[in-house]
Amino acid sequence: MPPARTAATPVELIGLPGALHKAAQMHREALLRESLMAASAGDLPSVPLADLQIAHDTNHLVRARVTAASERHSHGDLHTVRTQIPDDAQDAVHTLCRVLDVVHGRLLTRPALPQIHALNRWLLGQITAQLAGHRPTAWTEMPREPSTTPPEPAAWDPSRLQASSTPTIAADDGDRIIAANAAASDLLGWAPGELIGQRITTIIPEHLRERHVASFTSPLLTGHSRILGRPVSVPVLRRGGSLVEIDLCIQTRRRPTAAPSSSPASPGRTGTAGPVGMTWTGRCRIAATVPEPDHSCCCH
């Protein structure tokens, strides 16, 4: 008589970043492998050998199940996959999380970079949460600590905006559209040039406008955004009143400013204000740009 099959629960990982996931997977394996060797030699007394073995085996289970997961859709390097995790694996995954936290930074294996550490916590947290009956939370919805030294935004090139096949919109720091390429106009149902002078809220559904204003104003003041460079699924409003779901990704851009007339022009001189780029990737790709004093953004 064949052994009874262990019941399993569907686990959906929304927005799993492919390259980062591979790096996190390799780091977990290296850390656990060294931990087992250290514990076997008596050099890691703070972690029971039995817990290390459970963590090692559970990590293999997670890797195998995620690798074999069926992909539902993807946007660039972000993948939404669904797999099956045994119902009785919840305690073992908690043990894996605990072991990773305890041994982190105590061995020769380099400590995980912050983004790898965050990915591990999200991935394992999604497994335990969904095994407990909770709904999935996308990687792109997870809060990130804002950088204390944000990178200098790249210069904004209007000619590239117009030439891009990705729908792109640019707006000033007053939330008013100053440029829109043909692909954006076509997607949103506007004739070329008609979006110029309109406020960004023209393409934002009414029920999201207050959130837009709040999230646009805050980064102007603080210089930080939790979703900078990360796709977020939101609806946008077409001219005829219909909605289209897009994946919004915000990028900062710096707009060159002319030198004062009283002084010689300085080639390549740039001002501190520049547009913040919002790029929707996926089936409906659109990018919008909004300038900011330093590193502000328009987010939803």
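Keep in mind it's a predicted model, so treat the numbers as computed, not measured.
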Worked verdict on Ile196 versus Ile178 for side chain to side chain contact (heavy atoms under 4.5 Å, CB included): CA-CA 5 Å; Ile196 308 303; Ile178 59 174; 5.8 Å; no
Might you work through the ring-ring contact (aromatic ring centres under 6.0 Å, His included) test for His21 and His79, ending with a clear yes or no? CA-CA 10 Å; His21 172 241; His79 309 270; 9.5 Å; no
Quick one, Leu32 with Leu100, criterion side chain to side chain contact (heavy atoms under 4.5 Å, CB included). Give me CA distance, side-chain angles, the key distance, then yes/no. CA-CA 8 Å; Leu32 292 170; Leu100 290 174; 4.1 Å; yes
Hey, mind stepping through Glu12 and Thr80 against side chain to side chain contact (heavy atoms under 4.5 Å, CB included) and telling me if it holds? CA-CA 7 Å; Glu12 188 172 43; Thr80 294; 3.8 Å; yes
Assess whether side chain to side chain contact (heavy atoms under 4.5 Å, CB included) is satisfied between Ile14 and Thr140, documenting all intermediate values. CA-CA 8 Å; Ile14 303 174; Thr140 55; 6.0 Å; no
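Checking Val62, Thr9, Leu96 one by one against Ile127, the side-chain contact (heavy atoms from CB on, under 4.5 Å) holds for a single residue, Val62.
With a 4.5 Å cut-off on side-chain heavy atoms, Leu16 and Val66 count as touching. Side chains of Thr83 and Pro10 form no contact here, defined as non-hydrogen atoms less than 4.5 Å apart. A heavy-atom distance below 4.5 Å is not found between the side chains of Ile204 and Leu237. The shortest side-chain heavy-atom distance between Leu195 and Ile203 falls under the 4.5 Å cut-off. Residues Pro205 and Leu243 have side chains in contact (heavy-atom distance under 4.5 Å, counting atoms from C-beta outward). The shortest side-chain heavy-atom distance between Arg82 and Val11 does not fall under the 4.5 Å cut-off. Leu20 has its side chain within reach of Trp139: a pair of non-hydrogen atoms, C-beta onward, lies under 4.5 Å apart. Inter-residue side-chain proximity for Gln198 and Arg176 is flagged as unmet; no heavy-atom pair is nearer than 4.5 Å.
Salt-bridge formation is detected for the pair Arg239/Glu194: a Lys NZ or Arg NE/NH1/NH2 atom is positioned less than 4.0 Å from an Asp or Glu carboxylate oxygen. The residues Asp101 and Arg121 are annotated as salt-bridged, a charged nitrogen and a carboxylate oxygen being separated by less than 4.0 angstrom.
Linking ILVMFWY residues whenever their side-chain heavy atoms come closer than 4.5 Å, directly or via other members, leaves Ile54 and Leu61 in distinct clusters. Placement of Met142 and Leu123 within a single hydrophobic cluster is found when ILVMFWY residues are connected by side-chain heavy-atom separations under 4.5 Å, directly or transitively. Criterion: ILVMFWY side-chain heavy atoms under 4.5 Å apart, direct or through other members. Under it, Val99 and Leu49 are part of a common hydrophobic cluster.
Formation of a donor-acceptor pair under 3.5 Å by the Gln90 side chain with backbone atoms of Thr128 is found in this model. Side-chain atoms of Thr67 do not come within 3.5 Å of backbone N or O of Ala64 as any donor-acceptor pair. Here the side chain of Asp77 pairs a donor or acceptor atom with the backbone of Gly18 at under 3.5 angstrom.
In this structure, Glu206 places its CD atom where only 12 or fewer heavy-atom neighbours from other residues, nucleotides or ligands lie under 6.0 Å away.
Among all heavy-atom pairs drawn from Arg238 and Leu187, the shortest one is NE-O, 2.6 Å. Residues Glu71 and Val81 come closest through the heavy atom pair CA-CG1, 4.0 Å. For the pair Ala183 and Ser165, the tightest heavy-atom approach, listed with the atom from each and the gap, is CB-O, 3.6 Å. Among all heavy-atom pairs drawn from Ile169 and Ala180, the shortest one is CG1-CB, 4.1 Å. Between Trp122 and Thr137, the closest heavy-atom pair is NE1-O, 2.9 Å. Of all the heavy atoms in Leu52 and Ala39, the pair that sits closest is CD1-CB, 3.2 Å.
Interatomic distance, OG1 of Thr201 versus CD1 of Ile177, reported as 8.5 Å (0.5 Å rounding). In this structure, OG in Ser40 is found 6.0 Å from CG in Leu36, a value given to the nearest 0.5 Å. One finds the OG atom of Ser35 at 11.0 Å from the NE2 atom of His104 (value rounded to the nearest 0.5 Å). Here the CG-NE2 distance, from Asp51 to His56, works out to 14.5 Å after rounding to the nearest 0.5 Å.
Using modelled atom types and a 3.5 Å distance limit, the side chains of Ser164 and Asn181 yield no donor-acceptor pair.
For residues 23-34, every residue pair satisfying the side chain to side chain donor-acceptor pair (under 3.5 Å) rule, not counting sequence neighbours, is listed here: Arg28-Asn59, Arg28-Asn120, Glu29-Arg63, Glu34-Thr109.
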